[in-house]
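Data first, discussion second: the structure below is written as structure tokens.
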Protein chains: 2
Amino acid sequence: MNSQTSSPDMPQQPSQRLDAQLCFALYSTSLAMGKVYRKVLAPLGLTYPQYLVMMVLWEQDERSVSEIGERLWLDSATLTPLLKRMEAAGLVQRTRSAADERQVMVTLSPAGREMQRSAAEIPTGILCATGCTPEGLKALKAELEVLRRNLQQAV
Amino acid sequence: MNSQTSSPDMPQQPSQRLDAQLCFALYSTSLAMGKVYRKVLAPLGLTYPQYLVMMVLWEQDERSVSEIGERLWLDSATLTPLLKRMEAAGLVQRTRSAADERQVMVTLSPAGREMQRSAAEIPTGILCATGCTPEGLKALKAELEVLRRNLQQAV
DNA sequence: TGATATTAAATAGCACGCTATATAAACTGC
DNA sequence: GCAGTTTATATAGCGTGCTATTTAATATCA
């Protein structure tokens, strides 16, 4: 290990440190955010991915699984069981589309629509936990979106 | 829904949009990063969390489970099965500490130590996928670390 | 029109990260 | 010295996100 630091490979070490730390920062911050969301969303009985689905449907009700997936960058392997649990919890309904029977349409139940009201405080709680200003968050968001696009183009 | 946008609650809507998008940016970027790592680490047969453990051990061999956990913000519920799989793969060894038998010490196997060599190219591949400059990454990392600290203090 | 290719969702299997709990060892205070 | 408390790790159970594969429906092409 010490021989590594003094080897001709040393120029790579800073890159190794920096890179590892950046990715780790992303990973660990994401986990930390998840922890906050679990606490804040517990009263609603929602997990964060479920909350995302609800937001997509509140924005526009009745979407196919793949439409939801496109908005959230998730595929049906993740969404199908997730949506099934939400249906079991009485938040949504899943029905085969008559126009194209390969599609399953997801619609909000009355309880799911009503939940938007009690979910109104969620963003404030989260914003509070970030300890950031709206401007700071906006800038960070933009940077993350650039990074995400680059990463998605790399695979 | 339309009644919502024109309601007195409208001041909250921008916050709801911004907040949701920031957290979602973090979440989706983290997923995208994970996908890149899966591809880059596949030749080594490592998952990203396993790679993190290896980096911690390459930095300093022989650590207890909780030491590793402190470095990675992970607890034993996650680490124990993960380390068991790594032991089964011949990368590490796990032994009860004689000094304190509650502790399990994790040490690199010869193969685990040797793997550091072939892992040397990983950071370069990742850096390439981010499409960012080292300076840009450094700034983003710092911002994420501030956010992470704030989030961790909020729960 | 029928065969083939493509698509949407579901399922199988795995790894991970979390909360809750259990077990054994170490620590503390009387 | 002993009972009670705390600590380190392991286990149980759940939800999620991934790759790979399957099933049924739709689209395409000759």
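Here is the naming used below: chain letters follow the sequence lines, and residue numbers restart at 1 for every chain.
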Which atom pair, heavy atoms only, marks the closest approach of [X] to [Y]?
{"X": "A:K39", "Y": "B:A154", "value": "NZ-O, 3.7 Å"}
{"X": "B:Y27", "Y": "A:L52", "value": "CE2-CD1, 3.4 Å"}
{"X": "B:A25", "Y": "A:E145", "value": "CB-CG, 4.3 Å"}

Can you tell me how far [atom2] of [N] sits from [atom1] of [X], to the nearest Å?
{"X": "A:I68", "N": "D:dT16", "atom1": "CD1", "atom2": "P", "result": "14 Å"}
{"X": "A:E67", "N": "C:dA8", "atom1": "CD", "atom2": "P", "result": "11 Å"}
{"X": "A:L31", "N": "C:dC18", "atom1": "CG", "atom2": "C1'", "result": "10 Å"}
{"X": "A:L46", "N": "D:dG15", "atom1": "CG", "atom2": "P", "result": "13 Å"}
{"X": "B:Q103", "N": "C:dA26", "atom1": "CD", "atom2": "P", "result": "10 Å"}
{"X": "A:L79", "N": "D:dT16", "atom1": "CG", "atom2": "C1'", "result": "11 Å"}
{"X": "A:R85", "N": "C:dA10", "atom1": "CZ", "atom2": "P", "result": "13 Å"}
{"X": "B:R38", "N": "D:dT19", "atom1": "CZ", "atom2": "P", "result": "5 Å"}

Query raised in the report: C:dT7 base to A:R102 side chain: any donor-acceptor pair below 3.5 Å?
Result: yes
Query raised in the report: More than 12 heavy atoms of other residues, nucleotides or ligands under 6.0 Å from CZ of A:R94: is that the case?
Result: yes
Would you tell me if any nitrogen or oxygen in the side chain of [X] comes within less than 4.0 Å of OP1 or OP2 on [N]?
{"X": "A:T47", "N": "D:dT16", "result": "yes"}
{"X": "A:K84", "N": "C:dT11", "result": "yes"}
{"X": "B:R94", "N": "D:dA10", "result": "yes"}
{"X": "B:Y27", "N": "D:dG17", "result": "yes"}
{"X": "A:S76", "N": "C:dA9", "result": "no"}
{"X": "A:S66", "N": "C:dT7", "result": "no"}

Requested in this report: Answer with base, sugar-phosphate or nothing: what part of the nucleic acid does B:K39 contact at a heavy-atom distance below 4.0 Å?
Outcome: nothing
Report summary line: Whichever of B:D100 and A:S64 has the more 5' nearest nucleotide on DNA chain C, that residue is A:S64
Report task. On DNA chain C, check which nucleotide each of A:T80 and B:P49 is closest to and give me the residue with the more 5' one. Result -> A:T80
Report task. Could you tell me the separation between the CG atom of A:L26 and the CZ atom of B:R148, rounded to the nearest 0.5 Å? Result -> 10.5 Å
**Report entry** Upstream residue (5' side of DNA chain D) when A:Q50 and B:A77 are each assigned their closest nucleotide
**Finding:** B:A77
Report summary line: Nearest-nucleotide check on DNA chain D, A:P81 vs B:L83; residue mapping nearer the 5' end is B:L83
